[in-house]
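Every chain is numbered from 1 and lettered A, B, ... according to where its sequence line falls, protein lines coming before strand lines.
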Amino acid sequence: MPRHSPSATKAEKLIVLTDDTVPPVILIDDTLPPVDLDAGDIAQTLGADHTKPAPKGGSPITWYAVREEAARRLRSTGGRPGLPGGDLRKVAVTDEDWRMVRELADSIAEPGFRPSVGQVAGVLLSRALHEAHRSLPKEAKAHAFDSRLHTKS
Amino acid sequence: MLLSNIGGGATVLPPVDGAWFNPDTGRLIKEKIILAYTYVQPSRFIGSLPRVRAFLHRMGRQTRQGEVVAEFNNRLYRIITYDTA
C-alpha cells in the first residue's frame with residue numbers, strides 16, 4: 001500500500017484500500033436469551049449454605065483447567081512441546097512475574113511433559129487475552145473489527 | 001453425563017491429593033479428589049440448576065461428605081446441609 005509522505009506530489013494520489021462491499025460480521029449467539037446471573041439466586045437454587053468469590057488468581061479448579069489446557073495446547077513435537085501457530089515475540093516481563101511463571105511451569109511439569117517457562121507464559125497470556133476480549137462490550141468488538149477491515153492493506 | 005448435558009462436553013482430571021479441615025472434629029481429612037468441569041452457556045446452566053442441585057446433594061449424602069463445593073462464574077458455592085433423600 002502506498003505511504004503518504006511530506007514529499008508526496010499532487011500526482012501521487014494516496015490510495016486507501018477499503019472493502020466496503022463486505023459488511024462487518026458480528027458473531028452473536030442470539031438463540032439463547034441473556035441471563036442475569038445473581039449469585040444469591042444461584043446459591044438459593046443450589047441449596048448452598050454459603051457463597052463467596054473464588055480465591056484471587058483462581059481456584060484449584062481454575063488452575064487445573066489451565067494445566068489441562070497447557071497440556072492440550074503444548075502438544076509434543078518430539079522434543080519440548082511447542083505451541084502450534086505461535087511466533088516468537090518480545091514482551092516485557094518483570095523478574096517477579098517471570099519467577100511466578102517459572103513456579104507455575106515447574107508445578108505443571110511431569111515425566112514426559114516439561115514445557116518451558118516461555119511456553120507456559122504464552123498459554124497464560126492467551127487465556128488472559130481471551131478472557132479480557134470476552135468481557136469487551138459488543139460495540140467495542142464491532143468497532144475493532146471494523147477498524148481492522150478498513151486499515152488492512 | 002450431567003456436565004456434558006449442560007456444556008456439550010466435560011473434562012475430568014486425574015486424581016490429585018486433597019485435604020479438608022473438619023471444623024467439628026478438628027481433624028484434617030486427606031483423600032484423592034477428582035476435578036470435573038465444563039464450560040457452559042449461562043442460560044442452559046441456569047435451566048439445569050435443579051438437576052445440579054439434586055446431584056450435588058445426593059453425592060454429598062451418599063459419600064458422606066462434610067461439605068460439597070461447586071464453582072461457577074468465579075464464585076464458590078458451599079453446600080453443608082444436604083436435602084433429604
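- Considering only residues two or more places apart in sequence or on other chains, B:Y82 meets the ring-ring contact (aromatic ring centres under 6.0 Å, His included) condition with none of them.
- In this structure the side chain of B:I79 never reaches within 4.5 angstrom of the side chain of A:H50, judged on heavy atoms.
- You'll find the side chain of B:R78 stays beyond 4.5 Å of the side chain of A:D49, heavy atoms only.
- Contacts of B:L56 with chain A are made by side-chain atoms alone, with heavy-atom separations under 4.5 Å and no backbone atom involved.
- Under a hydrophobic-cluster definition in which Ile, Leu, Val, Met, Phe, Trp and Tyr are linked whenever side-chain heavy atoms come within less than 4.5 Å, directly or via other members, B:V69 and B:F21 are assigned to different clusters.
- When all heavy atoms are compared, the tightest approach of A:A48 to B:Y77 is CB-CB, 4.0 Å.
- Judged as a side chain to side chain contact (heavy atoms under 4.5 Å, CB included), and not counting sequence neighbours, the contacts of A:L125 are A:L129.
- By the rule that hydrophobic residues join a cluster once side-chain heavy atoms approach within less than 4.5 Å of another member, B:F55 and B:I80 end up as members of separate clusters.
- The main-chain N or O of B:L76 is found under 3.5 Å from a side-chain atom of A:T51 such that the two form a donor-acceptor pair.
- No continuous path of hydrophobic side-chain contacts links B:F45 to B:L3 [ILVMFWY only; heavy atoms under 4.5 Å].
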- Mind running side chain to side chain contact (heavy atoms under 4.5 Å, CB included) on B:H57 and A:L46 for me, showing each step along the way? CA-CA 9 Å; B:H57 285 249; A:L46 278 178; 5.7 Å; no
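- Side-chain contact between B:I46 and A:I42: present, with at least one pair of heavy atoms (C-beta onward) separated by less than 4.5 Å.
- Dense packing is recorded around CZ of A:R99, with more than 12 heavy atoms of other residues, nucleotides or ligands lying under 6.0 Å away.
- The shortest non-hydrogen separation linking B:R53 to A:Q44 is NH1-O, 3.2 Å.
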